[in-house]
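Some notes on the structure that comes next.
Convention: sequence-line order gives letters A, B, ...; per-chain numbering from 1. All values derive from a computational prediction rather than experimental measurement.
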Protein chains: 2
Amino acid sequence: MAQRSSKSATIIEVARQAGVSPATAGRVLGDYGYSSPEVQEKVRAAAAALGYRPNRLAKGLITGKTQTIGVVVGDIESPFYASVLRGIADVARGSGFGVIVTNSDESAEREREAVQLLLEKQVDGLIVSSTCVGDPGHLQAAISSNCPVVQFDRVATDLETDTVVIDNVAITRAGVTKLIEAGHRRIGILAELAPGKDKDLAGFVAQADPSDPDLYKHYPSWQRLLGYVEAYRQAGIEPDIELIRRVPTYASAAARKEALDLLTMRDAPTALFTADGLMSTGALQAISALKLAIPADVSLICFDDLDWMQFVAHGITAISQPTHLIGTSAAELLLQRIGGNASASQHRVLAAHLVERGSIAVCPEEVSG
Amino acid sequence: MAQRSSKSATIIEVARQAGVSPATAGRVLGDYGYSSPEVQEKVRAAAAALGYRPNRLAKGLITGKTQTIGVVVGDIESPFYASVLRGIADVARGSGFGVIVTNSDESAEREREAVQLLLEKQVDGLIVSSTCVGDPGHLQAAISSNCPVVQFDRVATDLETDTVVIDNVAITRAGVTKLIEAGHRRIGILAELAPGKDKDLAGFVAQADPSDPDLYKHYPSWQRLLGYVEAYRQAGIEPDIELIRRVPTYASAAARKEALDLLTMRDAPTALFTADGLMSTGALQAISALKLAIPADVSLICFDDLDWMQFVAHGITAISQPTHLIGTSAAELLLQRIGGNASASQHRVLAAHLVERGSIAVCPEEVSG
DNA sequence: TTTCGCGTTGTGAGCACTAACGTTACTCGT
DNA sequence: ACGAGTAACGTTAGTGCTCACAACGCGAAA
């Protein structure tokens, strides 16, 4: 019989109803310590009769554990983050954990506020794709107060946390190499390449070196650019800086604009590489607006395998990230830490793979040449 | 100077450091009651020095408010729910609230578990798109324990809650009417039409009546079917039950299969209406596999305006839901309730609109006929 | 019988914080 | 001059629960 009243029953009322002490009732309901079968039955019956619902706040206050993990992502609306979050939520649910989600909107300040809020809510751990890998003081603060952190996608390396990433450089190199093998020499690349508008793109490309611990390399889009440059160098070609397009604001409209510009320039590229889902959407808008055919007029490889890539044109060749697995891995690592695992930081590098479809044609100039 | 130690400082330590009582420190830091400027400064200085971070659990335990709202959706990975969630999160953040998200996977049992967990965590309110509109006992329990509930998309009408929905019947009727006006007489419809596999589809269509308070009408996909049927009847045509396809499992692969079947049947439809994003994706897969051209071979209207609909073929005409607004509205209504608003339930019906693109052609048979 | 140990239960403290109330000092109006 | 009002602060109790500890009974081992 459920309780009708507005205030729900406490464990003390259950105990009184069952004729035992609150501690005993707690032992039965909380499933710890000792209790005899007879008492268990009495307590459970009383709890059911009163519609007792444990108050996890009180429990958390005393145990120091809330069974809640906090997640900070750029934007849950993005398919990438949504899928990662789904993975996290699945693992969390399996262990009786709740998940508090916050969007940083790629703003360092919002991210800090979010982390602060989550810590005040006493989350047991944090999963973060940090906007500010160069200034992770807020994450360090979390770790210092015994709140383990797992980073994914973007990682601040001078932070002692578990991490889950994919090998952006290698998979991008593989993808761009496919285009080069098809004879393409002028391959445009569309990437966010945040933060730091002042960053010297030409300098970065010139001295591109995967072993260099440059801060910008911690951002996936810069890593993907690195893979792009490496693919060129491996083929003995020098990349043309004109073909590397930085999208000033992280939105498909901006990507579309940049793609339009790229595709209508003098000596336009014969192929395109897009560094993430938003870039892909923008590129497709531009290609559609220009009434170009894929792959007859322009070849294409997209980072992130979105739903529509299997049926647009003759299928879009894409790099597929194991998004769900990123989420489950991050959550599993975090739960291990919460469970007390104090071993050295684990760094998981998951495999992305190329989904070959019909968006790569042999370069016409190659054919005629 | 931030604290290095693992346990963070409490308000008592701050008070001691500042030379005041815990209550006074609480008043300063919690911004309630009275306190002199001098004391405020001392306390704030002490708090900063100790790296004090308020414990919201303790605060919540005593005030009965956690500044947290719980959200239950089918699947955060779906663009619809992701966008609604984004709206909720935006409003929540603006008011200093956290958001705990859970997926029900369209399972009534999981939904009940999720609600139970959220109530145990003492959320101040719940936003739910319920799977089990016919058996909302768990939601009634929430309301009874003073936890306001706002429903969106799907609503259990015999529950006294605020609701946020769109007018599925009207907008679908408008969309299908466009197809009929273009001369199409055989329009296939792809819809989930859960729950109740035993539900008599033919009977539902035969007696389709928008004023009938049938349980199934509370589900958007059934409502959309109703709009479809009404569009036919308004045009003086009787819908062909063969063209109404129920997708047995809610996945794009199943939708694809059903669409393939539909498009290759004898007397195949000349146009298609898809009742949500997953159906649209499945339909496009089928159309692509059959190498049909849109709209030359088949016209199309899709419910839910997904990213790719602006650049696929000549653009896909779509029904666009104000997803973000659904989320913000639901969150605003909930925050009002949490704030103490006890007026009668509000039922918001938001406007969806038709985004006309290039996926509707005049029916060829109409032209020749 | 004594001693030990174990299962079982109750008692009391305390987690970090806020609300209610009491006390003090001070101001103001008449 | 005196009561009322108010600002500022402290004391205390209480939020719902868990944990350490003590106490007790009972059977087995010494």
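- Here the nucleotide nearest the side chain of P54(A), chosen from dC17(C), dC17(D), dA16(C), is dC17(D).
- Atom CD in E13(A) sits roughly 9 Å away from atom P in dC17(D) (whole-Å rounding).
- Following rounding to the nearest Å, L57(B) (CG) and dG14(C) (P) show an atom-to-atom distance of 20 Å.
- The side chain of K59(B) sits closest to dT18(C) out of dT18(C), dA16(C), dC19(D).
- Candidate nucleotides dA8(D), dG7(C), dC17(C) were compared by shortest atom distance to the side chain of N55(B), and dC17(C) ranks first.
- Atom pair K65(B):NZ and dC17(C):C1' shows a separation of 17 Å (rounding to whole Å applied).
- Protein atom CZ of R16(A) is 13 Å distant from nucleotide atom P of dC17(D), rounded to whole Å.
- Note: OH (Y34(B)) to P (dC21(C)) measures 16 Å, nearest angstrom.
- The side chain of L61(A) has dC15(C) as its nearest neighbour among dG10(C), dA8(D), dC15(C).
- A straight line from CD1 of I62(A) to P of dC15(C) spans 9 Å, rounded to a whole angstrom.
- Heavy atoms from other residues, nucleotides or ligands lying under 6.0 Å from NZ of K42(A) number more than 12.
- Listed nucleotides: dC17(D), dC19(D), dT9(C). Nearest to the side chain of S36(A): dT9(C).
- Distance from the side chain of V20(B) is smallest for dG10(D) among the nucleotides dG16(D), dG7(C), dG10(D).
- Contact of R53(A) with dG16(D) (side chain to base): no donor-acceptor pair of N or O atoms is detected under 3.5 Å.
- Nearest to the side-chain atoms of A23(A) among the listed nucleotides dT15(D), dC19(D), dC9(D) stands dC19(D).
- Between the side chain of S104(B) and the main chain of E106(B), a donor-acceptor pair closer than 3.5 Å is present.
- Here R86(B) pairs with D105(A) in a salt bridge; the nearest charged N to carboxylate O distance falls below 4.0 Å.
- With respect to T131(A), the side chain to side chain donor-acceptor pair (under 3.5 Å) criterion is satisfied by exactly one of R112(A), R110(A), E111(A): E111(A).
- Between dC9(D) and Y32(B), no contact under 4.0 Å exists linking OP1 or OP2 to a side-chain N or O.
- In this model, no donor atom of one side chain and acceptor atom of the other lie less than 3.5 Å apart for Q151(A) and S129(A).
- To the nearest angstrom, P of dA8(D) lies 14 Å from NZ of K42(B).
- Nearest nucleotide to the S21(B) side chain, out of dC9(D), dG10(D), dT18(D): dG10(D).
- Considering only the side chain of T24(A), dG10(C) comes nearest among dC19(D), dG10(C), dC9(D).
- Between the P atom of dC17(D) and the CD atom of Q122(A) lies a distance of 18 Å, rounded to the nearest Å.
- The base of dG10(C) lies close enough to the side chain of R27(A) for a donor and an acceptor atom to sit less than 3.5 Å apart.
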